[in-house]
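These notes are about the structure you will find just below.
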Amino acid sequence: MPYEPPTHAVERSLRATTGAKVIAGIDEVGRGAWAGPVTVCAAVTGLRRPPEGLTDSKLLTVKRRTELAEELRQWVTAYALGHASPEEIDDLGMTAALRLAAVRALEGLPVRPDAVILDGKHDYLGTPWKVRTVVKGDRSCVAVAAASVIAKVHRDTMMAELGADHAHFGFADNAGYPSPVHKAALAEWGPTPHHRLSWAYLDALPRWRHLKKVRAGVDGGVPEIEGQLGFDF
C-alpha cells in the first residue's frame with residue numbers, strides 16, 4: 001500500500017514556535033510483548049533529507065528494515081537506546097517503565113535535546129522534558145521514523161540472542177510477542193527469566209499462575225498505558 005514519506009514538518013514547527021535547535025524523535029518497541037525489555041530509541045536527525053523508503057518500522061519487510069537500520073545509524077546526527085527490563089516493568093508498570101527507558105535513551109545522547117517528539121497520544125515523559133506528542137509520528141516525522149526502525153531492529157536482534165537458550169519459545173521469530181509457538185511453549189515449560197510476570201497471560205496458565213507478581217501500587221496516579229495482550233488460545 002502506498003504511503004506518504006515522513007517529513008520535517010513537526011521539527012520545523014517546534015523550531016519556529018519554541019526556538020528549539022536540538023530535537024529528538026522517540027519511539028518504543030516491545031510494549032505489547034510478553035517477554036524481553038521495552039526498548040526506546042531517541043534519534044536526532046536535523047533537517048537533512050532522509051534515506052529513501054524511511055517509514056514506520058512495522059511497514060517494512062525484515063530485510064529492508066535491517067538494511068535501513070544500518071543506513072540510519074550512519075545517517076542520523078545522533079541516536080541512543082534505552083531499555084527497561086522485565087523486572088522493572090513488573091515493579092513499576094508499563095507507563096513508568098517506558099519513561100525510564102526513554103530517559104535512559106535521552107540521557108545517552110551526546111547533547112541534551114531542547115524538545116522531544118514522542119510517538120503516540122500519551123506523554124509518558126512529562127517534565128522537565130518539552131514534549132510534542134504526534135499520533136502515528138513513526139509514519140509522519142523523520143526523527144520518530146528513524147527511531148522506530150533503529151529500535152525495532154536492535155530489540156529483535158537482542159531477543160534472538162536471548163532466545164538462544166530457550167529454543168522452544170521462538171524468540172528469534174516472535175521477539176517475545178504472543179505467537180502460537182510462544183503460547184505453546186509457555187503452557188508446557190512456563191515462563192523464562194525474560195518473561196514479564198505481572199501480566200495477565202499467567203492467569204490462563206494454571207500450572208504457572210503461582211509465579212504471577214502483583215504490583216503494590218500504580219504509577220503515581222498516571223493512567224497506565226495499555227500494553228498487555230490477552231492469552232487468547
Side-chain angles (χ1 to χ4, degrees), residues 24-42 57-58 80-108 113 116-138 144 147-148 151-152 154-156 158-159 162-163 166 169 171 174-179 182-183 186 190-206 208-232:
I26 281 187
D27 199 19
E28 53 76 24
V29 62
R31 188 171 71 193
W34 290 356
V38 63
T39 297
V40 172
C41 180
S57 63
K58 296 184 292 295
L81 291 146
H83 311 278
S85 69
E87 293 82 7
E88 289 170 328
I89 294 169
D90 287 335
D91 290 343
L92 302 173
M94 183 52 73
T95 302
L98 274 172
R99 186 178 195 278
L100 183 63
V103 169
R104 286 169 173 166
L106 287 166
E107 291 182 343
V116 175
I117 304 172
L118 192 61
D119 182 51
K121 61 182 179 180
H122 298 285
D123 176 9
Y124 55 77
L125 263 174
T127 56
W129 306 94
K130 296 179 180 178
V131 176
R132 172 80 62 86
T133 58
V134 179
V135 175
K136 296 190 183 300
D138 48 8
V144 179
S148 166
K152 173 66 174 168
H154 182 89
R155 187 180 181 279
D156 283 358
M158 180 188 302
M159 290 305 299
L162 291 178
H166 306 280
F169 289 83
F171 287 163
N174 60 49
Y177 285 83
S179 70
H182 188 172
K183 293 176 181 179
L186 267 171
T192 72
H194 309 300
H195 277 86
R196 303 167 188 180
L197 299 181
S198 61
W199 284 38
Y201 70 83
L202 279 170
D203 294 335
L205 297 170
W208 312 108
R209 194 179 297 153
H210 65 284
L211 298 175
K212 187 173 181 180
K213 292 182 178 179
V214 178
R215 279 192 295 124
V218 295
D219 307 352
V222 178
E224 182 75 339
I225 295 174
E226 294 181 3
Q228 302 189 38
L229 302 175
F231 201 83
D232 192 25

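This is a predicted model, so every value here is computed, not measured.
Between Trp208 and Pro191 the shortest side-chain heavy-atom distance falls below 4.5 Å. Between Glu28 and Leu98 there is a side-chain heavy-atom pair separated by less than 4.5 Å. The shortest distance between side-chain heavy atoms of Trp34 and Tyr177 does not fall below 4.5 Å. Within the 4.5 Å cutoff, the side chain of Leu100 has heavy atoms near those of the Leu92 side chain. Contact annotation: the side chain of Ser198 never approaches that of Val214 to less than 4.5 Å [non-hydrogen atoms, C-beta and beyond].
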Practice item. Let me see the working for Met94 and Ile89 under side-chain contact (heavy atoms from CB on, under 4.5 Å), right down to the final yes or no. Key: CA-CA 6 Å; Met94 183 52 73; Ile89 294 169; 4.0 Å; yes
Practice item. Could you walk me through whether His122 and Thr95 pass side-chain contact (heavy atoms from CB on, under 4.5 Å), step by step? Key: CA-CA 9 Å; His122 298 285; Thr95 302; over 6 Å; no
Practice item. With side-chain contact (heavy atoms from CB on, under 4.5 Å) as the test, would you mind laying out the steps for Leu118 and Trp129 before giving the verdict? Key: CA-CA 11 Å; Leu118 192 61; Trp129 306 94; over 6 Å; no
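Contacts of Arg132 classified as side-chain hydrogen bond (donor to acceptor under 3.5 Å, both in side chains), with partners at least two apart in sequence or in another chain: none. Shown here are the side-chain hydrogen bond (donor to acceptor under 3.5 Å, both in side chains) partners of His182, two or more places apart in sequence or in another chain: His195. Evaluation of the side-chain hydrogen bond (donor to acceptor under 3.5 Å, both in side chains) rule for Lys212 yields Asp203 as partners, not counting sequence neighbours. Among residues two or more places apart in sequence or in another chain, the side-chain contact (heavy atoms from CB on, under 4.5 Å) test is passed with Ala102 by Ile26, Val40, Tyr124, Leu125. Legend: residues meeting side-chain contact (heavy atoms from CB on, under 4.5 Å) with His83, ordered by chain and number and at least two apart, are Pro37, Thr39, Leu81, His154, Met158. Not counting sequence neighbours, Thr133 has no partner by the side-chain hydrogen bond (donor to acceptor under 3.5 Å, both in side chains) test.
A salt bridge between Glu88 and Arg104 is present, with a side-chain N of the basic residue lying under 4.0 Å from a carboxylate O of the acidic one. Taking a cutoff of 4.0 Å between a charged side-chain nitrogen and a carboxylate oxygen, Asp138 and Lys58 qualify as a salt bridge.
Using bins of under 30°, 30° to 60° and over 60° for the plane-to-plane angle, the ring pair Phe171/Phe169 lands in the tilted bin.
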